Structure formats: structure tokens, C-alpha cells
Amino acid sequence: MSFVVAIDGPAGTGKGTITNLLSKEMGLINIDTGATYRCVALQAIRNNIDIGEKDKIIKLLDNININMELDSEGNLVILLNGEDVSKEIRSKEVTKIVSQVSSIVEVRLKMVEVQRNLAKGKDVIMEGRDITTYVFPNADVKIYLDAQEDERAKRRFIQNKENGIEMSYEEVLKNIQIRDENDRHKEIGSLKIADDATYIDTTNLSIDQVKEKVATLIMEKRK
Ligand code: DC
């Protein structure tokens with residue numbers, strides 16, 4: 001029997017941070033579904049494929065193998081065909097095109113299959129955009145994290161700085177606005193709030209406060 005915690009929400013709501021912390025504290029396997037789309041985007045860039053060349057991007061799927069494992073400190077490592085691409089997939093270039101790559105239906109179908117396989121038979125905590133609605137609509141715990149746009153851009157700007165990614169606040173804000181718009185209007189797997197998800201507005205909450213709220217919801221169901 002597996003236990004699935006599904007967390008959705010737009011960029012900069014703290015999904016990744018909360019998932020990472022709770023996976024360590026609660027012994028749940030962390031599956032970063034955005035990373036799977038980022039791997040496809042990275043392969044497209046490495047192969048000099050333009051975002052408009054949909055057929056070429058779809059062809060890439062035949063030779064993409066994505067895996068996730070933990071390093072010695074318990075942090076998630078993303079492996080693309082065996083290579084650690086954890087840092088590279090967060091680059092400005094990948095971030096710029098990933099939402100469009102993830103809008104391609106064939107890419108989505110394949111990545112959802114990858115995500116479900118990574119979760120098979122395990123107790124997992126998964127974050128993304130369509131986990132509560134499409135990937136695992138019957139998840140044991142379903143949460144939607146949200147925050148005001150300027151707060152999300154501020155958080156992502158700081159996070160980028162910490163990770164050595166050079167982007168101005170205005171650039172980050174614009175990217176978030178474009179991705180939000182695109183993520184909310186996808187043909188399949190668009191970002192929306194599931195009827196039975198718990199909605200948490202994190203705008204005025206600290207990471208610890210959000211973590212406690214989510215942990216409580218998990219503990220109630222995992223008894
Ligand atoms: O969470 P993230 O920023 O790493 O996600 C990268 C992109 O992938 C994001 O713009 C939307 C897309 N994505 C998606 O469509 N479905 C998911 N389950 C996760 C991410």
C-alpha cells in the first residue's frame with residue numbers, strides 16, 4: 001500500500017521547500033515533478049532545438065531516462081540519463097522555456113507516466129501543478145499552496161541569488177507571470193484548485209508555519 005501526499009500551486013509558493021523538508025522529517029519519498037519537465041527542456045537546449053520545433057522535442061522523449069535519488073544530506077538529486085543535472089535544470093535558460101515544453105501534450109503524457117512510475121508502491125510527497133487533479137486525483141492528502149504574485153517573485157528572486165542564478169526582480173516577476181498564464185491554460189494538466197484540496201494562502205506565513213499546517217494534515221490522514 002502506498003501513501004500519496006499531493007501538493008500543487010504556482011511558482012514561488014514554497015512547494016519545493018516544504019516538500020523537501022517534510023520528506024526528510026516524515027520519511028516520505030520526494031518526487032519533484034517540475035524537474036521532469038525541466039529535464040526535457042534541458043535536452044531540447046542541449047540539442048539546439050527551438051521551442052517551436054515540437055516534433056523534435058517529442059522525438060527526444062525516446063531517449064530520456066529520468067531518475068531521482070537522495071544525496072548524503074538527504075537532498076534530492078535529479079538524474080537525466082544517469083547524469084546529475086540538479087543544478088543545470090534550474091538555469092535561466094531552462095526556466096524560460098520549461099512551461100512551453102510542458103504544454104506539449106505528448107511530453108505531458110510521457111512525464112506523467114514517469115512520475116507515476118517513480119511513485120509506484122511508495123509513500124511519497126509530490127509537488128507540481130496537476131498532481132491533485134490529474135496525476136494522483138485520489139491522493140491521500142491534497143493541498144493547494146498559493147501566495148500573492150509579488151511575494152512569490154520576491155521569494156524566487158532571493159532563492160535564485162542563493163543559488164547563483166543572475167536574474168533581476170523584474171525578470172523573475174515577468175517569468176512568473178508568463179509561466180502562471182501558460183500553466184493555467186494547458187490542454188491537459190492545467191493548474192487549478194481541486195475541489196477536495198486544502199487551500200493554503202502562504203503570503204503572510206513563514207516556511208515553518210506552512211510546514212506545520214501541511215504536517216498536521218498529513219498526520220491526520222496517516223494515523
Ligand atoms: O515547479 P517548477 O518551476 O520546477 O516547474 C517547471 C514547469 O513545469 C512549470 O512552469 C510548470 C511545469 N509543470 C507542470 O506543468 N506540471 C507539473 N506537475 C509540474 C511542473
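Computed from a predicted structure; not experimentally measured. Whatever order the structure lists ligands and atoms in, that order sets their numbers, starting from 1.
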Peer 1: Tell me the protein heavy atom at minimum distance from atom 20 (C) of ligand 1, and give that distance in Å.
Peer 2: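 Nearest protein contact, heavy atoms only, for atom 20 (C) of ligand 1 is Gly34 CA, 3.5 Å.
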Peer 1: Enumerate the atoms of ligand 1 whose separation from the nearest heavy atom of Ser99 is less than 4.0 angstrom.
Peer 2: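 Counting from 1, the qualifying ligand atoms are 10 (O).
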Peer 1: Please check if any side-chain donor atom of Ser103 sits under 3.5 Å from a side-chain acceptor atom of Asn182, or the reverse.
Peer 2: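 There is such a pair (donor and acceptor under 3.5 Å, judged by atom type) between the side chains of Ser103 and Asn182.
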Peer 1: Heavy-atom pairs closer than 4.0 Å: do any link ligand 1 to the side chain of Arg108, the backbone, both, or neither?
Peer 2: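 It is the side chain that touches ligand 1; the backbone stays farther off.
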Peer 1: Show the nearest heavy-atom pair for residues Gly128 and Thr33, with the distance to one decimal.
Peer 2: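 The answer is CA-OG1, 3.3 Å.
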Peer 1: Can you check salt bridge (Lys or Arg N to Asp or Glu O under 4.0 Å) on Arg38 and Glu88, steps first, answer last?
Peer 2: CA-CA 9 Å; Arg38 286 176 180 272; Glu88 216 175 333; over 6 Å; no
Peer 1: Quick one: look up the protein heavy atom nearest atom 12 (C) of ligand 1 and list residue, atom name and how far away it is.
Peer 2: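 The answer is Ser102 OG, 3.5 Å.
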Peer 1: Taking only heavy atoms of Arg38, which atoms of ligand 1 are found under 4.0 Å from at least one of them?
Peer 2: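 That gives atoms 2 (P), 3 (O), 4 (O), 6 (C) of ligand 1.
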Peer 1: Out of all atoms in ligand 1, which are within 4.0 Å of some heavy atom of Gly128? Include the element for each.
Peer 2: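 Taking each heavy atom of Gly128 in turn, ligand 1 has 17 (C), 18 (N), 19 (C) under 4.0 Å.
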Peer 1: Which residue and non-hydrogen atom of the protein lie closest to atom 18 (N) of ligand 1, and at what distance in Å?
Peer 2: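 In this structure, atom 18 (N) of ligand 1 has Asp130 OD1, 2.8 Å as its nearest protein heavy atom.
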Peer 1: Any idea which protein heavy atom is nearest atom 6 (C) of ligand 1, and the distance to it?
Peer 2: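 The answer is Arg179 NH1, 3.5 Å.
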Peer 1: Considering non-hydrogen atoms of the protein only, which is the closest contact for atom 19 (C) of ligand 1, and what is the distance?
Peer 2: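 Residue, atom and distance for the closest contact: Thr33 OG1, 3.4 Å.
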Peer 1: Quick one: ring pair (Phe, Tyr, Trp, His ring centres under 6.0 Å) partners of Phe157, sequence neighbours excluded?
Peer 2: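 Listed in chain order: nothing, the list is empty.
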Peer 1: Is Lys186 close enough to touch ligand 1? Criterion: a residue heavy atom under 4.0 Å from a ligand atom.
Peer 2: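 Yes, Lys186 has a heavy atom closer than 4.0 Å to ligand 1.
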Peer 1: How close do Pro10 and Arg129 get, heavy atom to heavy atom, and via which atoms?
Peer 2: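 Looking at all heavy atoms of both residues, the shortest contact is CA-NE, 4.3 Å.
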Peer 1: Under the salt bridge (Lys or Arg N to Asp or Glu O under 4.0 Å) rule, what do Lys142 and Asp196 come out as? Steps first, then yes or no, please.
Peer 2: CA-CA 7 Å; Lys142 294 169 71 165; Asp196 54 351; 2.9 Å; yes
Peer 1: Based purely on interatomic distance, does Asp183 place a nitrogen or oxygen under 3.5 Å from a nitrogen or oxygen of ligand 1?
Peer 2: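 Yes, Asp183 has an N/O under 3.5 Å of an N/O on ligand 1.
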Peer 1: Using a 4.0 Å heavy-atom cut-off, say whether Gln100 meets ligand 1 through its side chain, its backbone, both or neither.
Peer 2: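 Within the 4.0 Å criterion, Gln100 makes no contact with ligand 1.
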Peer 1: Could you measure the distance from the CG atom of Asp32 to the CE atom of Met68? Nearest 0.5 Å is fine.
Peer 2: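 That separation rounds to 5.5 Å.
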Peer 1: Show which atoms of ligand 1 fall inside a sub-4.0 Å distance from at least one heavy-atom site of Arg90.
Peer 2: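 Near Arg90, the atoms of ligand 1 are 4 (O).
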Peer 1: Calculate, to the nearest 0.5 Å, the distance between atoms NZ and OG1 belonging to Lys211 and Thr216 respectively.
Peer 2: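 Here the rounded value is 11.0 Å.
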Peer 1: Students should be able to answer this: which protein heavy-atom is nearest to atom 17 (C) of ligand 1, and at what distance?
Peer 2: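 That would be Arg129 N, 3.3 Å.
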Peer 1: Between Arg116 and Tyr134, is NZ or CZ placed under 6.0 angstrom from the six-membered ring centre and within 45° of the ring axis?
Peer 2: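 Verdict for Tyr134: a cation-pi partner in Arg116.
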